[in-house]
Amino acid sequence: QVQLVESGGGLVQAGGSLRLSCAASGSIFGIYAMGWYRQAPGKQRELVATITTDGTTNYADSVKGRFTISRASFKNTVYLQMNSLRPEDTAVYYCKLDRTITTDWGQGTQVTVSS
């Protein structure tokens, strides 16, 4: 089986920062693209950022310039540095692993930004 475990979520004031981590483990052979998605109450899950095996990144317009996705070299481990957080960033953040044959998701970590 494959497991993705997110950590680093919590409560932070507007303007503050958080760093999320996600490590994939289990029956994985190879390095794959990964990403972060988020879902706020009553809203659809949306893409936040993705990163390829080569380190190429892509961001949603709403987080560009504030969030940075990165990964550990040669590992299926990904991070999301979130700066200048806003109340509208409040959501459950999910880690994604794209194994080509299938897609794996973490359980999610709650990020709450107070104003």
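Just so it is clear, the values below take in all heavy atoms, side chains as well, and ignore hydrogens, waters and symmetry mates.
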Enquirer: I want to check something: taking the side chain as every heavy atom from C-beta on, are V2 and L97 in contact at a cut-off of under 4.5 Å?
Expert: yes
Enquirer: Consider only side-chain heavy atoms of I, L, V, M, F, W and Y, link residues closer than 4.5 Å, and tell whether V78 and Y59 are in one cluster.
Expert: yes
Enquirer: Between CG of N83 and OG1 of T68, what distance do you get to the nearest 0.5 Å?
Expert: 6.5 Å
Enquirer: Please determine whether a side-chain nitrogen of the Lys or Arg among D104 and K96 lies less than 4.0 Å from a carboxylate oxygen of the Asp or Glu.
Expert: no
Enquirer: Nearest 0.5 Å, please: how far is CG in L20 from CD in Q81?
Expert: 9.0 Å
Enquirer: Could you check whether any side-chain heavy atom of Y93 comes within less than 4.5 Å of a side-chain heavy atom of V48, counting everything from C-beta outward?
Expert: yes
Enquirer: Working to the nearest 0.5 angstrom, can you tell me the gap between K64 NZ and T57 OG1?
Expert: 9.0 Å
Enquirer: Once you round to the nearest 0.5 Å, how far does CE of M82 lie from CG of L18?
Expert: 4.5 Å
Enquirer: Who are the side-chain hydrogen bond (donor to acceptor under 3.5 Å, both in side chains) partners of Q39, not counting sequence neighbours?
Expert: none
Enquirer: How many angstroms lie between CD in Q3 and SG in C22, if you round to the nearest 0.5 Å?
Expert: 11.0 Å
Enquirer: Under 6.0 Å from the six-membered ring centre of Y79 and within 45° of its axis: does the NZ or CZ of R19 meet both?
Expert: yes
Enquirer: Can a donor-acceptor pair be found, under 3.5 Å and without considering hydrogens, that links the side chain of N58 to the backbone of G35?
Expert: no
Enquirer: What verdict does the ring pair (Phe, Tyr, Trp, His ring centres under 6.0 Å) test give for F67 and W36, after you've listed the backbone C-alpha separation in whole Å, the side-chain angles of each residue and the deciding distance to 0.1 Å?
Expert: CA-CA 11 Å; F67 291 9; W36 289 97; over 10 Å; no
Enquirer: For a side chain to side chain contact (heavy atoms under 4.5 Å, CB included) check, start with the C-alpha distance between Q107 and L4, then their side-chain angles and the critical distance, and finish with the verdict.
Expert: CA-CA 7 Å; Q107 82 288 347; L4 278 73; 6.0 Å; no
Enquirer: Quick one: does T90's side chain have a donor or acceptor within less than 3.5 Å of a partner on V113's backbone?
Expert: yes
Enquirer: So which atom in A91 and which in R38 form the shortest heavy-atom distance, rounded to 0.1 Å?
Expert: CB-CB, 3.8 Å
Enquirer: For the residue pair W105 and E6, establish whether any side-chain heavy-atom pair is separated by less than 4.5 Å.
Expert: no
Enquirer: Are Y32 and I69 connected in the hydrophobic side-chain network, where two residues link if heavy atoms are under 4.5 Å apart?
Expert: yes
Enquirer: If you compare all heavy atoms of A49 against all heavy atoms of L80, which two are closest, and at what distance to 0.1 Å?
Expert: CB-CD1, 4.4 Å
Enquirer: Hey, does C95 have a side-chain heavy atom less than 4.5 Å from the side chain of M34?
Expert: yes
Enquirer: With rounding to the nearest 0.5 angstrom, report the OG to CD distance, S62 to E46.
Expert: 5.5 Å
Enquirer: Would a single hydrophobic cluster contain both I31 and I51, if residues Ile, Leu, Val, Met, Phe, Trp and Tyr are joined by side-chain heavy-atom contacts under 4.5 Å?
Expert: no
Enquirer: Quick check: closest heavy atoms across G9 and V111, and the distance to 0.1 Å?
Expert: CA-CG2, 4.2 Å
Enquirer: Could you work out, with side-chain hydrogen bond (donor to acceptor under 3.5 Å, both in side chains) as the rule, every residue matching Y94, not counting sequence neighbours?
Expert: none
Enquirer: Considering non-hydrogen atoms only, spot the tightest contact between S84 and D89 and give its length.
Expert: O-OD2, 4.4 Å
Enquirer: Shortest non-hydrogen contact from L85 to R66?
Expert: CA-NH1, 4.0 Å
